[in-house]
Every structure is written in structure tokens, then in C-alpha cells.
Amino acid sequence: MKTDLDSLATAHDVKTDDLLKASPHLAPWRPAVGIAPQLTDAELVTLAMVQAMPGFTSDTKWLRHARSHLRHLFPYLSKQPGYSKRLRKAAELLRRVTRMPATDTSVRVRRNTARARPGPRGGRAGA
């Protein structure tokens, strides 16, 4: 499972990085002068997406887990306040990246699948 998560995180990071290069306006605003962040926006969004997969709801617990298990993928991990602050500023980018897998797939899902089914006595269910 670990290698699957590593592969998924790497692919997600590359896809997000490519999106940011193609559409730089999606990146959160940053002043022209100042210290450049050590964790890129693509890595930040990848961390957030990977955080949701195992079900971590606490940023503090997630960063603790990432420091011990994902250090080889993310050499620099900020502390919880900085992580949360940057994640809030990158909310639009995160929304866009969350939609990417759905728009990249060719699978079609019927939206209106709720139909009347025969009930136990041959009538409509719920009637």
C-alpha cells in the first residue's frame, strides 16, 4: 500500500505542477519580494489530497504522520499553523485540483438513477 500511495502522490504532484505551469493565475498570491516557500504549491495541494485518503481530519496528526512516513517524498514539511495558513490561501487551487480526476476520466455516470422500484407487494416502493 505504501508504494501505491507514493506513486499516487508523485503522479498528483506532477499533474498539479503541470497545471500551475499552464495556468499560473491559479497559484495563491505571493509578494514579489520575500522568502520563497520551501514547500511548493503543488506539494502543498498534494499533501492535502493525500491527507484525505487515509482519513486524517487533524492537520497536526497528519503532519506528524507525514514527517515519519512521507519524508522521502516531501523533504520539507512546515509546522501546522503554516500548513493551515497556506492551505486556506490555496483553496481555489485545491478546488480545481480536486475536480481534475473527475474531468480527466472517460467514465460516464448517470445522475438520475433513482427510479421507482417494485415494492414487496408489487406496488411502488415507498408508496
Option passing side chain to side chain contact (heavy atoms under 4.5 Å, CB included) with His12 (candidates Val45, Val50, Leu47): Val45
message: Does anything in residues 35-62 form a ring pair (Phe, Tyr, Trp, His ring centres under 6.0 Å)? List the pairs, not counting sequence neighbours.
response: Phe56-Trp62, Phe56-His65, Trp62-His65
query: Is it true that Leu73 and Val14 fall in one hydrophobic cluster, defined by side-chain heavy atoms closer than 4.5 Å?
result: no
field: Which residues share a side chain to side chain donor-acceptor pair (under 3.5 Å) with Ser84, sequence neighbours left out
entry: Asp59, Gln80
task: For residues 43-57, pull every pair meeting salt bridge (charged side-chain N to carboxylate O under 4.0 Å, His left out), keeping only residues two or more places apart or in separate chains.
output: none
For Arg88, salt bridge (Lys or Arg N to Asp or Glu O under 4.0 Å) partners two or more places apart: none
field: Distance in Å, Leu94 CG paired with Lys89 NZ, rounded so as to fall on 0.5 Å steps
entry: 15.5 Å
query: How far does CG of Leu93 sit from CG of Leu19, to the nearest 0.5 angstrom?
result: 6.5 Å
task: Check whether any side-chain heavy atom of Glu92 sits under 4.5 Å from a side-chain heavy atom of Arg95, and report yes or no.
output: yes
- prompt: Looking at side-chain heavy atoms only, is the closest gap between His72 and Asp6 below 4.5 Å?
  reply: yes
message: Would the distance check show the side chain of Arg86 and the main-chain N or O of Ser78 forming a donor-acceptor pair, the cut-off being under 3.5 Å?
response: no
message: When you compare the side chain of Leu8 with that of Met49, does any pair of heavy atoms fall below 4.5 Å?
response: no
query: Which atom names give the shortest non-hydrogen contact between Ala42 and Thr16, and what distance separates them?
result: CA-CG2, 3.7 Å
Salt bridge (charged side-chain N to carboxylate O under 4.0 Å, His left out) contacts touching residues 44-55 (sequence neighbours left out): none
- request: Under the side-chain contact (heavy atoms from CB on, under 4.5 Å) rule, collect the residues that match up with Arg67, sequence neighbours excluded.
  value: Leu63, Arg71, Leu77, Lys79
Using residues 25-38 as the side-chain source, report each donor-acceptor pair under 3.5 Å to any protein atom, sequence neighbours left out, with the distance given to one decimal.
from: Arg30; atom 1: NH2; to: Asp41; atom 2: OD1; distance (Å): 3.0

- prompt: Within a strict 4.5 Å, meaning less than it, do heavy atoms of the Leu5 and Met53 side chains meet?
  reply: yes
- prompt: How about Thr40 and Leu20: do any of their side-chain heavy atoms sit closer than 4.5 Å?
  reply: no
- line: Scanning both residues in full, the closest heavy-atom pair of Leu39 with Tyr76 reads CD1-O, 3.4 Å
task: Could you pull out all residues at least two apart from Asp17 that satisfy salt bridge (Lys or Arg N to Asp or Glu O under 4.0 Å)?
output: Lys21
